[in-house]
Asks: 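There's a structure below that I have some questions on.
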Amino acid sequence: MTEEERGAVRTEEENIMNWEEKVKRMVPYVPGEQPKRKDIIKLNTNECPYPPAPAVKKALQEFDYESLRLYPDPDCSILVEALAKRFHKKPGQIFVGVGSDDVLAMAFMTFFQSGEKILFPEISYSFYDVWAKLYDIPFEMVPLKEDFSICADDYCKPNGGVVIANPNAPTGLAAGLSDIEKIVAANPDSVVIVDEAYVDFGGESAVDLVEKYENLLVVQTYSKSRSLAGLRVGYAIGSEKLIKYMLDVKFSFNSYTLNRLALEVGTASLADEEYFRETCGKIVATRERVKGELKELGFTFPDSSTNFIFAKPTGITAKELFEALKKEGIYVRFFDKPVLREYLRISIGTDEEMDRLLAAIREIVGK
Ligand code: PMP
């Protein structure tokens with residue numbers, strides 16, 4: 001009996017098992033903990049410790065609550081136009097979604113359908129392999145160099161697409177724009193996604209390269225540098241060709257992605273560039289100071305260009321330190337996976353929060 005014939009005579013119970021078995025094979029992404037307690041120092045999900053821009057507060061106060069009666073604009077025009085202006089692009093080059101997770105998931109669905117393996121670094125954002133498995137996209141996780149940097153040549157071979165987080169997470173390390181351009185230029189027949197969730201803290205953005213390369217999609221988010229993780233706004237910038245295809249997929253999936261409040265507030269946030277730059281500057285200054293203090297305490301880490309430090313302690317395991325800090329009400333991120341389990345990913349909080357973290361570490365390790 002052929003496989004097709006066997007399928008035709010499957011019992012109802014077998015069919016039920018089949019979908020269930022398939023779903024059971026999925027290993028969902030586990031986001032960092034969002035504790036209910038308010039009295040903790042939360043350095044575990046790379047949120048911004050400072051409030052959103054004053055223009056955001058004003059937009060919330062002026063928001064027309066009665067408008068919630070109506071569906072939002074499916075084209076998200078006010079936000080798309082504001083982002084186009086901010087990045088000197090055409091509205092047709094902008095795609096918006098419910099956080100960059102939504103934008104990335106949509107991009108995987110749109111561009112990685114060739115059946116050829118997509119490539120991404122072995123240590124990177126752990127949602128990439130989750131989406132690949134969900135959509136049955138074959139993939140290869142490319143090892144990093146010993147210092148956690150990427151080797152651009154590894155991505156210059158036949159593939160069904162490439163995803164690079166730049167700066168990378170959870171390492172915090174940024175690749176140079178010349179490496180990114182090399183990868184994009186070497187792959188004219190597949191789409192290269194550059195995930196720039198952390199670019200505003202010191203990375204070099206590939207946004208300007210979208211004019212030169214039709215196969216490049218740059219994805220950014222409001223969740224880190226704009227202090228708006230709770231609003232859920234992300235966006236992609238690319239050629240009109242790529243954005244048109246993403247919109248076709250979006251409108252085949254869910255037309256009303258961004259709600260009315262997110263559209264208004266997300267647009268208002270862009271009006272406060274000075275506040276945005278000031279906030280990023282404060283986080284970078286704190287990060288650089290904390291790097292020095294962690295070094296003194298014997299930690300080693302790749303040089304972070306992000307709002308977190310991926311730090312390896314000495315004299316105590318990362319897991320022990322993670323648990324001891326948690327007892328003190330200080331939450332950092334621990335990934336129980338090979339290599340990663342030697343490190344803690346510590347988000348940059350306010351100066352005061354970081355001082356309390358450093359004092360707790362000194363207490364725990366007896367320094
Ligand atoms: N990309 C990377 C590399 C991230 O670390 C995150 C945050 N978890 C995201 C994308 C998604 O962020 P958001 O959906 O909040 O925009």
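We use all heavy atoms of the structure for the numbers below, so side chains are in, but hydrogens, waters and symmetry mates are not. Order of listing sets the numbers, starting from 1, for every ligand and every atom in it. Positions are given from 1, in the same order as the sequence printed here.
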Asks: Within 45° of the six-membered ring axis of Phe276 and under 6.0 Å from that ring's centre, is NZ or CZ of Arg226 located there?
Replies: yes
Asks: Which atom pairs, one a donor and one an acceptor, fall under 3.5 Å between side chains of residues 301-308 and the rest of the protein, sequence neighbours left out?
Replies:
unit_1: Asp303; atom_1: OD1; unit_2: Lys291; atom_2: NZ; d: 2.6
unit_1: Ser304; atom_1: OG; unit_2: Thr306; atom_2: N; d: 3.0
unit_1: Ser304; atom_1: OG; unit_2: Thr306; atom_2: OG1; d: 2.8
unit_1: Ser304; atom_1: OG; unit_2: Phe308; atom_2: O; d: 2.6
unit_1: Thr306; atom_1: OG1; unit_2: Phe308; atom_2: N; d: 3.2
unit_1: Thr306; atom_1: OG1; unit_2: Phe308; atom_2: O; d: 3.0
unit_1: Asn307; atom_1: ND2; unit_2: Asn46; atom_2: O; d: 3.0

Asks: For ligand 1, list all ligand N or O to protein N or O distances below 3.5 Å, rounded to 0.1 Å.
Replies:
unit_1: ligand 1; atom_1: 1 (N); unit_2: Asp195; atom_2: OD1; d: 3.3
unit_1: ligand 1; atom_1: 1 (N); unit_2: Asp195; atom_2: OD2; d: 2.7
unit_1: ligand 1; atom_1: 5 (O); unit_2: Tyr198; atom_2: OH; d: 2.7
unit_1: ligand 1; atom_1: 8 (N); unit_2: Tyr125; atom_2: OH; d: 3.2
unit_1: ligand 1; atom_1: 12 (O); unit_2: Ser100; atom_2: OG; d: 3.3
unit_1: ligand 1; atom_1: 14 (O); unit_2: Ser100; atom_2: N; d: 3.2
unit_1: ligand 1; atom_1: 14 (O); unit_2: Asp101; atom_2: N; d: 3.0
unit_1: ligand 1; atom_1: 14 (O); unit_2: Asp101; atom_2: OD2; d: 3.4
unit_1: ligand 1; atom_1: 14 (O); unit_2: Arg232; atom_2: NH2; d: 2.7
unit_1: ligand 1; atom_1: 15 (O); unit_2: Ser223; atom_2: OG; d: 2.6
unit_1: ligand 1; atom_1: 15 (O); unit_2: Arg232; atom_2: NH1; d: 2.8
unit_1: ligand 1; atom_1: 16 (O); unit_2: Ser100; atom_2: N; d: 2.7
unit_1: ligand 1; atom_1: 16 (O); unit_2: Ser100; atom_2: OG; d: 2.6
unit_1: ligand 1; atom_1: 16 (O); unit_2: Thr221; atom_2: OG1; d: 2.6
unit_1: ligand 1; atom_1: 16 (O); unit_2: Ser223; atom_2: OG; d: 3.4

Asks: So, Tyr125 versus Tyr128, ring centres under 6.0 angstrom or not?
Replies: yes
Asks: So, Asp75 and Ser77: side-chain donor and acceptor under 3.5 Å apart, yes or no?
Replies: no
Asks: Report the residue from Leu216, Val192, Leu119, Asp153 that forms a side-chain contact (heavy atoms from CB on, under 4.5 Å) with Ile183.
Replies: Val192
Asks: Take atom CD in Glu122; do more than 12 heavy atoms of anything else shown fall under 6.0 Å from it?
Replies: yes
